[in-house]
Amino acid sequence: MAQYKHDRFFKFYLRSLYQSKGETLQNIQVRNDEDLEIDFMFIAQSDKFGWQQEDLGLFDALMKVHPTIIIEHYSGYAQEKHIHKSITRKNLYWEPKQAELATTFKQAQQTAKYQQLSPESLQLIDNQNPFTWILTVNCSPELLELCGAKPHPEFGAGVYETVKLLRMGIVVIEQLEYSPATMWLKLLGNKESARRAFEGIEQLSPERREKNDTIRASLKYCVYLKDLPANSLSAEEQEFMKTMAEIDAWYDAEMDKAESKGEQRGKLEGKLESATRVIGVKFQGYVPSEQVTSQLAALNEQQLDDLIVGMFSWQTVAQMEEWLNLVES
């Protein structure tokens with residue numbers, strides 16, 4: 001369950017960082033099995049304003065190695081089984097996707113099935129074949145050797161490239177030297193690394209969107225902030241964290257129940273209950289109308305996560321209800 005909590009933080013954190021630089025996708029189902037979901041995929045869009053206005057140092061450099069990136073995060077030591085599952089997930093995603101793209105391009109170019117696609121079309125298809133970065137707090141030398149991993153010539157200590165066939169790289173977060181260029185990655189490291197990274201991020205200008213969204217994501221999940229000195233947070237932040245910690249504990253308990261029963265329905269109901277409680281905390285005294293209650297009940301897991309994230313920026317009930325109406329339409 002601890003890894004699951006870190007996974008939730010990781011997904012919200014990466015989406016917060018990269019929503020201004022491209023398309024972010026989460027929980028891509030490649031088979032009807034939670035273990036075979038792709039947690040996070042990023043499709044870079046070079047015209048997005050974030051590339052010019054927001055510098056995330058080494059993290060940005062990693063995200064630029066290929067137009068389509070899969071990110072997997074492990075909050076402890078990466079293991080051989082993690083690498084195998086990562087390769088399997090990617091292949092299960094890519095094989096049907098590749099066939100679909102090839103068919104689409106052949107139809108668009110009126111190319112016979114037995115004819116080769118143009119080099120331009122093949123390059124466009126290859127751009128969608130993801131490169132995977134494994135972000136792990138630690139990794140044994142034996143596993144790196146097994147993967148054929150070598151220190152990456154461009155990115156410095158802690159970043160490894162594997163054989164080209166795998167289309168994969170490994171980042172060992174605890175091997176990264178701490179600096180402003182690495183702190184966005186170090187936030188995903190162990191408690192001490194994350195604490196130092198958060199303190200560095202907290203010193204940035206309050207006008208930086210990525211700083212504010214990182215703090216919101218951290219507050220939401222209370223993964224790294226809860227042990228910071230109380231005087232580093234405002235009274236409002238402390239109270240909010242206390243409430244969110246209670247929600248998170250309750251949520252984890254509900255997830256344990258759902259997992260023990262193998263009930264996907266229980267998982268969805270747990271998220272709905274969490275979202276309802278967050279709404280009550282944000283807009284005290286607010287009583288949802290029948291329409292809002294119905295709209296909330298119709299949301300799927302991803303939409304419920306989006307709703308909770310939105311609660312950090314919405315200032316009025318009207319903003320929340322406008323979002324619900326957009327989703328419904």
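Predicted model only: the values in this text are computed from it and were never measured.
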For [X] and [Y], indicate whether the former's side chain and the latter's backbone hold a donor-acceptor pair under 3.5 Å.
{"X": "Thr182", "Y": "Glu177", "value": "yes"}
{"X": "Ser294", "Y": "Glu290", "value": "no"}
{"X": "Thr136", "Y": "Ala78", "value": "yes"}

Requested in this report: Please indicate whether Gln52 has more than 12 foreign heavy atoms, meaning atoms of other residues, nucleotides or ligands, lying under 6.0 Å from its CD.
Outcome: yes
Query raised in the report: More than 12 foreign heavy atoms under 6.0 Å from CG of Leu326: is that the case here?
Result: yes
Report task. Any salt bridge (charged side-chain N to carboxylate O under 4.0 Å, His left out) involving residues 50-59? Give me the pairs, sequence neighbours left out, ordered by first then second residue. Result -> Glu54-Arg209
Report task. Keeping to residues at least two apart or across chains, list the salt bridge (charged side-chain N to carboxylate O under 4.0 Å, His left out) pairs with something in residues 133-145. Result -> none
Query raised in the report: Quick one: does NZ or CZ of Arg15 land under 6.0 Å from the six-membered ring centre of Phe12, within 45 degrees of the ring axis?
Result: yes
Query - Worked check of side chain to side chain contact (heavy atoms under 4.5 Å, CB included) between Ile28 and Met41 - result: CA-CA 8 Å; Ile28 301 171; Met41 183 183 291; 3.7 Å; yes
Requested in this report: Answer with yes or no whether the side chains of Lys97 and Asn129 bring together a donor and an acceptor at under 3.5 Å.
Outcome: no
Query - side chain to side chain contact (heavy atoms under 4.5 Å, CB included) against Leu122, all qualifying residues, sequence neighbours excluded - result: Leu117
What is the distance from atom [atom1] of [X] to atom [atom2] of [Y], rounded to the nearest 0.5 Å?
{"X": "Gln303", "Y": "Leu272", "atom1": "CD", "atom2": "CG", "value": "12.0 Å"}
{"X": "Asp126", "Y": "Thr68", "atom1": "CG", "atom2": "OG1", "value": "9.0 Å"}
{"X": "Glu207", "Y": "Ser205", "atom1": "CD", "atom2": "OG", "value": "4.5 Å"}
{"X": "Lys21", "Y": "Asp60", "atom1": "NZ", "atom2": "CG", "value": "3.0 Å"}
{"X": "Lys81", "Y": "Thr88", "atom1": "NZ", "atom2": "OG1", "value": "13.5 Å"}
{"X": "His73", "Y": "Lys11", "atom1": "NE2", "atom2": "NZ", "value": "12.5 Å"}

Considering all heavy atoms, the nearest [X]-[Y] contact:
{"X": "Phe131", "Y": "Gly169", "result": "CZ-N, 3.4 Å"}
{"X": "Ile173", "Y": "Lys186", "result": "O-NZ, 3.1 Å"}
{"X": "Gly189", "Y": "Ala194", "result": "O-CB, 4.3 Å"}
{"X": "Arg208", "Y": "Trp184", "result": "NH2-CZ2, 4.2 Å"}
{"X": "Gln295", "Y": "Asn325", "result": "NE2-OD1, 2.8 Å"}
{"X": "Ser121", "Y": "Phe105", "result": "OG-CD2, 3.7 Å"}

Is the shortest side-chain heavy-atom distance between [X] and [Y] below 4.5 Å?
{"X": "Asn27", "Y": "Glu301", "result": "no"}
{"X": "Lys90", "Y": "Met168", "result": "no"}
{"X": "Leu307", "Y": "Ile279", "result": "yes"}
{"X": "Leu143", "Y": "Tyr77", "result": "no"}
{"X": "Phe10", "Y": "Ile71", "result": "yes"}
{"X": "Trp133", "Y": "Val65", "result": "yes"}
{"X": "Leu324", "Y": "Leu296", "result": "yes"}
{"X": "Val137", "Y": "Tyr74", "result": "no"}

Report summary line: From the list Ile170, Val159, Thr162, side-chain contact (heavy atoms from CB on, under 4.5 Å) with His152 holds only for Val159
Query raised in the report: Using 30° and 60° as the class limits, which term best fits the ring planes of Phe59 and Tyr18: parallel, tilted or perpendicular?
Result: perpendicular
Query - Evaluation steps, side chain to side chain contact (heavy atoms under 4.5 Å, CB included), between Tyr286 and Val292 - result: CA-CA 11 Å; Tyr286 169 67; Val292 169; 3.6 Å; yes
Report task. Please assess Leu185 against Leu62 for the test side chain to side chain contact (heavy atoms under 4.5 Å, CB included), listing each intermediate value before the final yes or no. Result -> CA-CA 10 Å; Leu185 283 161; Leu62 300 181; 3.9 Å; yes
Query - Ionic contact status for Glu72 with Arg89, cut-off 4.0 Å - result: yes
Query raised in the report: Would Asn190 and Ser193 satisfy side chain to side chain donor-acceptor pair (under 3.5 Å), going step by step from the backbone distance to the final call?
Result: CA-CA 5 Å; Asn190 64 25; Ser193 294; 3.2 Å; yes
Requested in this report: Evaluate the criterion side chain to side chain contact (heavy atoms under 4.5 Å, CB included) for residue pair Leu25 and Ile43; output intermediate values, then yes/no.
Outcome: CA-CA 8 Å; Leu25 305 171; Ile43 302 169; 4.1 Å; yes
